Amino acid sequence: MSKRYDLRIRPRRNRRGSAIRSLVRETEIQPSHLILPLFVTEGEGVREPIGSMPGTARLSIDLVVREAREVWDLGVPAVALFPALTESLKDSVATESTNPDGLLQRTVREIKNRVPDILVVTDIAMDPYSSDGHDGFVEDGQILNDPTLEILADMAVSQARAGTDIVAPSDMMDGRVGVLREALDAEGFENVGILAYSVKYASNFYGPFREALESEPKEGDKKTYQMDSCNVREALREVRLDVAEGADMVMVKPALPYLDVIRAVKEAVDVPVAAYQVSGEYAMIQAVDERGWMDGEALMIESITSIRRAGADVILTYFAKTLAKVLA
Ligand code: PBG
């Protein structure tokens, strides 16, 4: 028999079994907090798997609609759409981004027709439409701030006409939220919300996404607009500006490597905070699962719980459907 110690306080009592653990659990994840990002491509019945993101694919509109229906039925209230355009439709001023019959606009209309209650979130940035692969208009190797604004305002109005619920300016340049709010209101779209990618780092974790859309910058990198990963005070400046300009929600991206930033943002603003578990975060979990090195499902749950515990109200994740099924 071992010696008895006089420990009056034993935190383990609250971890004794699953019933008491569930009683005292501080963080819960639910499908209602998730947004599923989807990649759209032309065609019908087309599913092109994305090599660096096992389990995801570029889908034609009919399959995107089916996916939206399935996740809606699982309790996921929103999808975020990213169009994968053929190179021939890309140019230096993102002309295709305002085509009323463009791939994105048709996708939005189809979803709103067939799954009317699901929220559709659409990205506002030039990169899927740009022959330079940058988020902004490029001149003499410079990514120009203000000339891009006009293009983005037209893009937002075009997406609103197609029926989008929320536009998400994602280029991390200046003045986006205010200009989009004004452009949307001027056209009578005061109910279209703005989810600002307020704090988006120049991250290596976006690699698989750029492969999915073939949107890698042709020259240079995105460091003159996306944030330096070393900074957090700058993040607070960015979110405060976006809230002042009219953002309905703000986002931090990537998520898991920036949990401290999510927490700081949560404490700094009073709008809902979103976090994007990006392609590279997803790919790492899928890769170790495939190799049998770790349990992917367990990592999925733990990482998404961590993002929520850090303060995210809303989480964009490629795992949304899988997670919603696990939680069901
Ligand atoms: C582009 C955009 C990117 C992502 C979302 N919107 C990539 C980039 O900035 O290069 C990344 C998403 C992901 O990696 O999952 N405006």
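None of the values given here were measured: they were computed from a predicted structure. Start at 1 and go down the list; that is how both ligands and their atoms are numbered.
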message: Applying salt bridge (charged side-chain N to carboxylate O under 4.0 Å, His left out) as the test, list every pair that has at least one member in residues 42-51; sequence neighbours left out.
response: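 Residue pairs passing salt bridge (charged side-chain N to carboxylate O under 4.0 Å, His left out), neighbours aside: E42-R106, E48-R58.
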For Y276 against M251, the heavy-atom pair lying closest together: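 Where Y276 meets M251 most closely, the heavy atoms are CB-SD, 3.7 Å.
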Quick one: ligand 1 N/O to protein N/O pairs below 3.5 Å?
unit_1	atom_1	unit_2	atom_2	d
ligand 1	6 (N)	K253	NZ	3.4
ligand 1	9 (O)	K200	NZ	2.8
ligand 1	9 (O)	Q226	NE2	2.8
ligand 1	10 (O)	R210	NE	2.5
ligand 1	10 (O)	R210	NH2	2.8
ligand 1	10 (O)	K222	NZ	2.8
ligand 1	14 (O)	S279	N	3.3
ligand 1	14 (O)	S279	OG	2.7
ligand 1	15 (O)	S279	N	2.7
ligand 1	15 (O)	Y318	OH	2.6
ligand 1	16 (N)	D127	OD1	3.2
ligand 1	16 (N)	D127	OD2	3.4
ligand 1	16 (N)	D135	OD2	3.3
ligand 1	16 (N)	S170	OG	2.9
ligand 1	16 (N)	K200	NZ	3.3

message: Once you measure the plane-to-plane angle for H134 and Y225, does it fall in the parallel (<30°), tilted (30-60°) or perpendicular (>60°) bin?
response: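 Because their plane-to-plane angle is over 60°, the rings of H134 and Y225 count as perpendicular.
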query: S130: what forms a side-chain contact (heavy atoms from CB on, under 4.5 Å) with it, not counting sequence neighbours?
result: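 So S130 forms a side-chain contact (heavy atoms from CB on, under 4.5 Å) with M126, D132.
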Set of residues satisfying side-chain contact (heavy atoms from CB on, under 4.5 Å) with respect to V243, sequence neighbours excluded: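 So V243 forms a side-chain contact (heavy atoms from CB on, under 4.5 Å) with V250, V269, V271.
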message: Regarding K321 and E67, does a basic nitrogen lie under 4.0 Å from an acidic carboxylate oxygen?
response: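 Judged by the 4.0 Å cut-off on N to carboxylate O distance, K321 and E67 do form a salt bridge.
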